[in-house]
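Take a look at the structure set out below.
Sequence lines set the chain letters: A, B, ... in the order given, protein chains first and strands last, and positions in each chain run from 1.
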Amino acid sequence: KQEVTQIPAALSVPEGENLVLNCSFTDSAIYNLQWFRQDPGKGLTSLLLIQSSQREQTSGRLNASLDKSSGRSTLYIAASQPGDSATYLCAVMDYGGATNKLIFGTGTLLAVQP
Amino acid sequence: DGGITQSPKYLFRKEGQNVTLSCEQNLNHDAMYWYRQDPGQGLRLIYYSQIVNDFQKGDIAEGYSVSREKKESFPLTVTSAQKNPTAFYLCASTTRVLDQPQHFGDGTRLSIL
């Protein structure tokens, strides 16, 4: 059974710092991996989606990498800002997932201090 | 603007009562999902539907029921059989193309009176 783990559970950094959030999964037979952002009391916003055949995706200050063989993904945030404060969740879609089902990690709560 | 609307934002359930959470989307998406989120935990899948008039159980379907009579709507009923319903409920939708991300509503927070 696929399990997704995110470390650390919480992270606090000063504004302007570059940071890395980690996601690991137990079964490498995935179709894609997705990173989401969740603000308090809100739904999820999709940040990046990496197909299993890709190694990384970039959007603005965000860069996500995928290493299927080691079961790991990282989300790199450059020049962090207070507005980046949120919970970041990763999710994997298992291969053979014709149903688009996602399996989520428990998230990393990020606080960027001004 | 296209999006997913969940209502109500807050809901209270009395003992023995069934309550229904609404989810409507105008994105023309075929697939819709209901997730439950508990504090400090990731999202867990309750039910999903790939097409109108068809739906499947997710990982924690016991005590819940759904219907999919229209493409735009996927209501979730929390029945009295669900003994621990207090949680944040999120609805999502996507196309049936596997490389598209899921879009989420803003959630409904359900509490017990």
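No chain of hydrophobic side-chain contacts below 4.5 Å, direct or via other Ile, Leu, Val, Met, Phe, Trp or Tyr residues, connects B:Val66 to B:Tyr48. B:Leu43 and B:Leu21 are not part of a single hydrophobic cluster, where members link through side-chain heavy atoms under 4.5 Å apart.
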**Request:** Evaluate side-chain contact (heavy atoms from CB on, under 4.5 Å) for A:Gln38 paired with B:Leu90, printing each intermediate quantity in order.
**Result:** CA-CA 12 Å; A:Gln38 185 177 29; B:Leu90 288 161; 4.0 Å; yes

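Within the structure, disulfide (SG to SG under 2.5 Å) contacts touching residues 59-113 of chain B (residues at least two apart or in different chains) are B:Cys23-B:Cys91. Contacts classified as ring pair (Phe, Tyr, Trp, His ring centres under 6.0 Å) and involving residues 49-76 of chain A (residues at least two apart or in different chains) are not found.
Only the side chain of A:Leu49 comes within less than 4.5 Å of a heavy atom in chain B; its backbone stays farther off. Only the side chain of B:Gln37 comes within contact range of chain A, with at least one heavy atom under 4.5 Å from a heavy atom of that chain.
Few gaps surround NZ on B:Lys9; more than 12 heavy atoms of other groups in view lie less than 6.0 Å from it. Annotation for B:Lys71: atom NZ counts as buried by contact number, over 12 foreign heavy atoms lying within 6.0 Å. The neighbour count for A:Glu15 CD, taken as heavy atoms of other residues, nucleotides or ligands under 6.0 Å away, is above 12. For CZ of A:Arg55, the number of neighbouring non-hydrogen atoms (other residues, nucleotides, ligands) closer than 6.0 Å is 12 at most.
The NZ atom of A:Lys101 lies 11.5 Å from the CD atom of B:Gln102; values are rounded to the nearest 0.5 Å. For the atom pair OH (B:Tyr35) and CG (A:Leu102), the distance works out to 4.5 Å, reported to the nearest 0.5 Å. Taking NE2 of B:His103 as the reference point, atom OG1 of A:Thr45 lies at 10.5 Å (rounded to 0.5 Å).
Scanning residues 106-114 of chain A against chain B with a 4.5 Å heavy-atom cutoff picks out A:Thr106, ordered by number.
Remark: A:Asp39 engages A:Arg37 in a salt bridge (charged side-chain N to carboxylate O under 4.0 Å, His left out) (not counting sequence neighbours).
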